[in-house]
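Lettering of chains follows the sequences in order, A, B, ..., and the numbering in each one begins at 1. In this text, all values refer to a predicted model and were calculated from it rather than measured experimentally.
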Number of protein chains: 2
Amino acid sequence: MNENVFKAMADPTRRKIIELLKEGPKTAGEIATHFSHAQPTISRHLNVLKNANLVADQRNGTYIIYRLNTTVLQDWLAWLLERFGGSGNDDEE
Amino acid sequence: MNENVFKAMADPTRRKIIELLKEGPKTAGEIATHFSHAQPTISRHLNVLKNANLVADQRNGTYIIYRLNTTVLQDWLAWLLERFGGSGNDDEE
DNA sequence: TTATTATATAGCCATATAGCTAAATAGTAA
DNA sequence: TTACTATTTAGCTATATGGCTATATAATAA
């Protein structure tokens, strides 16, 4: 499992960005309005998410639209469940 | 959701410790043998996990036995699933 | 071309993290 | 008491992180 995904998800601002993008794609500016941080700070968080492949970006004129890489997020969750889900005993449930 | 759990789970050494403890309680020393890090380094990782309430410790003579706080781990997974699982659309599946 | 808007990058600072070695602590036993 | 074992804590270093402001870039419009 990609270490970058864990690091990306470990930050509350980035988790909130992920939640926002679950609603649908949004521009960097629109995302930034949801936070009290400076715009470059959000840009950096977006870049961390991009490096983890959790989001993808696409330029549209002067805007840059970010969208969630749903499968990467779901794969991460599935991986977590597989490793850490269940009781841990051999004789499950 | 407790921020400490995210930070704790973001480190690969600590995730491996969690996996080891899923097999059953282990002493600090036994845990340390599974890694190539110095023993105090593992002790610090165990302390991070303890602060996140992911593990509990109990002294037994000169040994200290660590065990997994299964419910905390499961609650974290459930929380993740709830926030980030699913497609994100309103008209689910 | 110049100006404007949206966004990213650079550079800085303060704090956090993860590793190490050395020393302290806790329990047991002689 | 002394000695030994298991473990933690202290103190250090190097690197990473997350915030900021200032600047650069890209696209569009005049």
Side-chain angles (χ1 to χ4, degrees), chain A residues 1-21 23-69 72 76, chain B residues 1-21 23-69 72 76:
Chain A
M1 176 50 54
N2 183 3
E3 194 60 22
N4 289 338
V5 177
F6 275 97
K7 297 301 175 70
M9 293 299 285
D11 182 89
T13 298
R14 288 193 291 263
R15 285 199 300 275
K16 192 172 170 191
I17 292 175
I18 295 287
E19 289 195 76
L20 287 171
L21 291 180
E23 300 168 2
K26 290 183 172 47
T27 68
E30 192 178 351
I31 293 166
T33 62
H34 289 85
F35 300 90
S36 50
H37 293 136
Q39 172 266 323
T41 298
I42 299 300
S43 178
R44 271 227 313 198
H45 281 303
L46 285 168
N47 195 51
V48 171
L49 291 168
K50 204 164 86 176
N51 286 336
N53 204 30
L54 278 163
V55 305
D57 62 341
Q58 178 202 344
R59 185 173 275 277
N60 191 316
T62 65
Y63 296 89
I64 295 179
I65 299 166
Y66 282 85
R67 64 172 179 76
L68 187 61
N69 262 346
V72 174
W76 179 67
Chain B
M1 177 50 54
N2 182 3
E3 195 60 22
N4 290 338
V5 177
F6 275 98
K7 297 302 175 70
M9 293 299 286
D11 182 89
T13 298
R14 289 192 289 264
R15 285 198 300 275
K16 194 173 170 192
I17 292 175
I18 295 287
E19 290 195 76
L20 286 171
L21 291 180
E23 301 167 3
K26 289 184 174 44
T27 68
E30 191 179 351
I31 293 166
T33 62
H34 290 84
F35 300 91
S36 50
H37 294 136
Q39 176 265 326
T41 298
I42 300 301
S43 177
R44 272 228 312 198
H45 280 302
L46 286 168
N47 195 50
V48 171
L49 290 169
K50 204 164 84 176
N51 286 335
N53 204 30
L54 278 163
V55 305
D57 62 342
Q58 177 201 345
R59 183 174 277 277
N60 190 316
T62 64
Y63 295 90
I64 294 179
I65 299 167
Y66 282 84
R67 65 170 178 76
L68 187 60
N69 261 347
V72 174
W76 179 67

> What's the CG-C1' distance between A:Asn51 and C:dT9, to the nearest Å?
Replying inline: 14 Å

> So, is A:Thr27 near the phosphate of C:dT7, with a side-chain N or O under 4.0 Å from OP1 or OP2?
Replying inline: yes

> Tell me: CG of A:Asp11 to P of C:dA16, nearest whole Å?
Replying inline: 14 Å

>> Just to be sure I understand the rule, does B:Ala28 reach a base, reach only the sugar-phosphate, or reach nothing, if contact means heavy atoms closer than 4.0 Å?
In response: sugar-phosphate

> Which whole-number value in Å describes the distance from A:Asn60 CG to D:dT28 C1'?
Replying inline: 12 Å

> Any donor-acceptor pair under 3.5 Å between the side chain of A:Gln39 and the base of C:dA6?
Replying inline: no

>> I need the OH-C1' distance between B:Tyr63 and D:dC4, as an integer number of Å.
In response: 12 Å

>> How close do B:Ile18 and B:Met9 get, counting heavy atoms only, and between which atoms?
In response: CG1-SD, 4.2 Å

> Base, sugar-phosphate, or nothing: which does A:Arg59 touch, judged by heavy atoms less than 4.0 Å apart?
Replying inline: sugar-phosphate

> Mind checking whether A:Asn69 and A:Val55 have side chains closer than 4.5 Å, heavy atoms only?
Replying inline: no

> Can you find a heavy atom in the side chain of A:Arg67 that is under 4.5 Å from one in the side chain of A:Asp57?
Replying inline: no

>> Rounded to whole Å, please give me the gap between CG in B:Asp57 and C1' in C:dA26.
In response: 13 Å

>> On a heavy-atom basis, which atom in A:Leu49 and which in A:Ala8 lie closest, and how many Å separate them?
In response: CD2-CB, 4.0 Å

> Start at the 5' end of DNA chain D and walk down; is the nucleotide closest to A:Lys7 or to A:Ala38 reached first?
Replying inline: A:Lys7

> Side-chain N or O of A:Tyr66 less than 4.0 angstrom from OP1 or OP2 on C:dA8?
Replying inline: yes

> Nearest-Å distance, CG (A:Leu46) to C1' (C:dA8)?
Replying inline: 11 Å

> Could you give the CD1-to-P distance, from A:Ile17 to D:dG18, as a whole number of Å?
Replying inline: 11 Å

> Quick one: is B:Thr62 getting a side-chain N or O under 4.0 Å of the D:dT5 phosphate, OP1 or OP2?
Replying inline: no

> At under 4.0 Å, does any side-chain N or O of B:His45 touch on OP1 or OP2 of C:dG19?
Replying inline: yes

> Would a 4.5 Å heavy-atom cut-off, applied to side chains only, mark A:Phe6 and B:Phe6 as touching?
Replying inline: no

>> Under 4.0 Å, counting only non-hydrogen atoms across every strand here, what does A:Phe35 touch: a base, just sugar-phosphate, or nothing?
In response: nothing

>> I want to verify a distance call: between D:dT8, D:dG19, C:dA8, whose nearest atom is closest to the A:Thr13 side chain?
In response: D:dG19

> To the nearest angstrom, how far is A:Gln58 atom CD from D:dA26 atom P?
Replying inline: 18 Å

> Hey, is the side chain of A:Arg44 poking within less than 4.0 Å of OP1 or OP2 on D:dC20, counting only N and O atoms?
Replying inline: no

